[in-house]
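All residue numbers refer to positions in the sequence shown, counting from 1.
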Amino acid sequence: PIKNKREHPENLPLINEDRYQPPSSPMQRNKKPKLQPADLGVTSAGSNTLNKMLADVLLCNGSNWQAILSFVEMHYKKFEMMSWSIFFWKLLKLKSFCAEIKSDRRFIMALEAFEAKVKEEGLKNLRGDPLANMLMGLSHFGLAPKFFISALEDRAEALFKEDSPEEICRILSSLAYTRVQSPKIGNAMESEEVVEKFKKGSTQALSKSFWALGKLNFSCGGLALAIEDTAEKFAKATDSEISSILFSMRKLKYQCPKLVEVVASNASEIIGPPEADLSNISVIVYSLACMGYFDDRIFSAAATMVDKLIRDGNAQIQANVLWAFAASGYISKYESEVVALWSMCMKRPINEFRNQCWSMFAEVRIIAKYEKINLVCNPEQVMAMGRASYIEPQKDAEFEEGIARDLAKFEFEGFQRKFSPLDGSDSKLLNIDIAWKYQKVALFLDTYYKFLLNLETKNKNDHFQDGSTRWRTRLLNKMGWRVLRLSLEQEITLRKKTDEERRAFWIE
């Protein structure tokens, strides 16, 4: 309720620009300015004065969004791009009033004026920070206007060549929150000039920029290769920087052996310190396990943090680390740590975990079973795992159809397609493309998604398998199966051969 009529938005005075004096000290800045009725008029002023006025109005009024929009309504016609940058950046502090502000006619009018300004002038006079401020403010209000992204795309190539890695980093980080797919911006990051600039820049700018590119699913092999070429710099990197890089390496499925060696050599300093952030540890070990990097030095350091993970970690963190130990093959070596983590997870309410976590628990449980480790859970939790488990979608049905026809043609009979050696709901966890179940021979048809990209050769022909492919192969071997693999490249080569040559290939 409004106790003082003067505080009503309609009665709030606006600053007269001729008489405006900005607060001279931090203490004064924290006080609400004493405005007089005579200050209500509006006169012309330079953009610098207007920007100072806007900044002080935003600062002094705090969460009084009505007063801020009233000021903007009065002055928006004279806003330069820097004024808009200040306005959108300060909107971040008003996120709790997002719905009210977005539906307010003054905000809608201001956004229309901003659109007209961008379409008329573009973003040619802006550098990294003001652009990042605009993006961040707009994205936190759920706005990613096409006109703004389009103007940014037009400016991206020149902007990234002009700006420092830190400024580029802030733009990309802000863009990551918009979740806008923009190939032009991704391509601008691939220029040799930009990549060389990042090589010489800080590990923080490089890691955060790479995280943002991964978040947006931008192909950024140039920046990934820059990380590999300067891997030694990351020996002293923070756990946050390492987790940011590995998050994107995992998502984009890039090989990074040099970086992994640096992380493994310094695992106790990156993962082991008591002050290390548990969320970052979780991302590091989970990402490495997903990519198929199972270095014992890393998991040994992670094992020392299990007590802290159990005590302070949230549900997602604990699930990620638990799955990483199982998938990497260290479930027996660190049995006590795995059992303790499992017990903690099973004590949590079922609704604390997403479906993905229950699918991960199902995989941990089946791996533990064949390692002769008993992980206890109740029937309700078993049902949750069964519901969450899923069969991996077929990536290339034509590939499988062609191989099946070849095998039938050359009288290699008795095989089954999409066979699972597991029973019940567990059968969803492991599917063999082509199986001779009585002979226990499994043939997997490997498309690109099962491998990590070699950044130097720019292809996946060296067949570096990801973590999920590796743990499934290891599990089948434990069950007494012989595992064969045929890659898509091999199949393409095979198609070009004669029938006799193909028959000889299958016999061999």
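More than 12 non-hydrogen atoms from other residues, nucleotides or ligands lie less than 6.0 angstrom from CE of M346. Other residues, nucleotides and ligands contribute only 12 or fewer heavy atoms inside 6.0 Å of the CD atom of E411. For K369, the NZ atom is loosely surrounded, since the number of other residues' heavy atoms within 6.0 Å does not exceed 12.
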task: Walk me through it: do Y286 and F247 pass the test ring-ring contact (aromatic ring centres under 6.0 Å, His included)?
output: CA-CA 9 Å; Y286 177 74; F247 165 84; 9.9 Å; no
message: Between L486 and F444, does the side-chain contact (heavy atoms from CB on, under 4.5 Å) criterion hold? Intermediate values first, please.
response: CA-CA 6 Å; L486 183 72; F444 284 97; over 6 Å; no
message: For S202 and E166: C-alpha separation, side-chain torsions, deciding distance, then whether side-chain hydrogen bond (donor to acceptor under 3.5 Å, both in side chains) applies.
response: CA-CA 8 Å; S202 67; E166 287 70 26; 3.2 Å; yes
field: Chi angles and distances behind the salt bridge (charged side-chain N to carboxylate O under 4.0 Å, His left out) call for R417, E401
entry: CA-CA 10 Å; R417 294 168 61 182; E401 288 289 344; 3.1 Å; yes
- prompt: Please walk me through it: do K197 and E193 pass salt bridge (charged side-chain N to carboxylate O under 4.0 Å, His left out)?
  reply: CA-CA 6 Å; K197 189 188 300 185; E193 188 176 340; 5.5 Å; no
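With sequence neighbours excluded, the residues forming a salt bridge (Lys or Arg N to Asp or Glu O under 4.0 Å) with D446 are K450, R485, listed by chain and number. In terms of the side chain to side chain contact (heavy atoms under 4.5 Å, CB included) criterion, residue partners of R502 (sequence neighbours excluded) are, by chain and number, D406, K409, F410, L494, K497, D499. Every residue two or more places apart in sequence or in another chain that forms a side chain to side chain contact (heavy atoms under 4.5 Å, CB included) with A235 is listed here: V262, N266. With sequence neighbours left out, E241 forms a side chain to side chain contact (heavy atoms under 4.5 Å, CB included) with T203, Q204, S207, A237, T238. Scored by the side chain to side chain contact (heavy atoms under 4.5 Å, CB included) test, E196 finds K199 as partners (sequence neighbours excluded). Not a single side chain to side chain donor-acceptor pair (under 3.5 Å) links Q465 to another residue, sequence neighbours left out.
Under the side-chain hydrogen bond (donor to acceptor under 3.5 Å, both in side chains) criterion, the residue pairs touching residues 339-351 are Q318-R348, R348-E352, with sequence neighbours excluded. Sorted by first and then second residue, the salt bridge (charged side-chain N to carboxylate O under 4.0 Å, His left out) pairs involving residues 374-387 (not counting sequence neighbours) form an empty list. Identified under the salt bridge (charged side-chain N to carboxylate O under 4.0 Å, His left out) test for residues 320-342, with sequence neighbours left out: D296-K333.
In this pair, F299 and Y330 present their aromatic rings tilted. The plane angle is within the 30 to 60° band.
Here the CD atom belonging to E115 is positioned 4.5 Å from the CZ atom belonging to F147, to the nearest 0.5 angstrom. For the atom pair CZ of F198 and SG of C220, the computed distance is 10.5 Å after rounding to the nearest 0.5 Å. Taken to the nearest 0.5 Å, the CG atom of L252 stands 9.5 Å off from the CG atom of L455.
Using a 4.5 Å heavy-atom threshold, the side chains of W471 and W323 count as touching. Put simply, the side chain of R470 reaches to within 4.5 Å of the side chain of F294, judged on heavy atoms. Within the 4.5 Å cutoff, the side chain of I171 has heavy atoms near those of the D163 side chain. The shortest distance between side-chain heavy atoms of R250 and Y293 does not fall below 4.5 Å. The shortest side-chain heavy-atom distance between I403 and E400 does not fall under the 4.5 Å cut-off.
At distances below 3.5 Å, not a single donor-acceptor pair connects side-chain atoms of E261 with backbone N or O atoms of K258. Side chain of E162 to backbone of L159: no donor-acceptor contact under 3.5 angstrom is found. S328 contributes a side-chain N or O that, together with a main-chain N or O of F325, makes up a donor-acceptor pair within less than 3.5 Å. Judged by distance alone, with hydrogens and angles left aside, the side-chain atoms of T230 form no donor-acceptor pair with the main-chain N or O of K233 at under 3.5 Å. Between the E363 side chain and the M360 main chain, no donor and acceptor come within less than 3.5 Å of each other. Looking at T493, its side chain does come within 3.5 Å of a backbone N or O of E489 through a donor-acceptor pair. Under a 3.5 Å cut-off, the side chain of E190 and the backbone N or O of G222 do form a donor-acceptor pair. Under a 3.5 Å cut-off, the side chain of Q416 and the backbone N or O of A435 do not form any donor-acceptor pair.
The residue from D423, L430, L429 that alone fulfils the side chain to side chain contact (heavy atoms under 4.5 Å, CB included) condition with D426 is L429.
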Got a list of side-chain donor-acceptor pairs under 3.5 Å for residues 208-217, not counting sequence neighbours?
unit_1	atom_1	unit_2	atom_2	d
S209	OG	A205	O	2.7

Can you give the donor-acceptor pairs under 3.5 Å from side chains of residues 267-281 to other protein atoms, not counting sequence neighbours?
unit_1	atom_1	unit_2	atom_2	d
D277	OD1	S279	N	2.9
D277	OD1	N280	N	3.1
N280	OD1	S243	OG	3.0

Name every donor-acceptor pair, under 3.5 Å, that has one atom in a side chain of residues 477-484 and the other anywhere in the protein, sequence neighbours excluded.
unit_1	atom_1	unit_2	atom_2	d
N477	ND2	T473	O	3.3

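Between Y438 and F415, the gap from one ring centroid to the other reaches at least 6.0 Å.
Contact between E228 and L259 at its shortest, heavy atoms only, is OE2-N, 2.9 Å.
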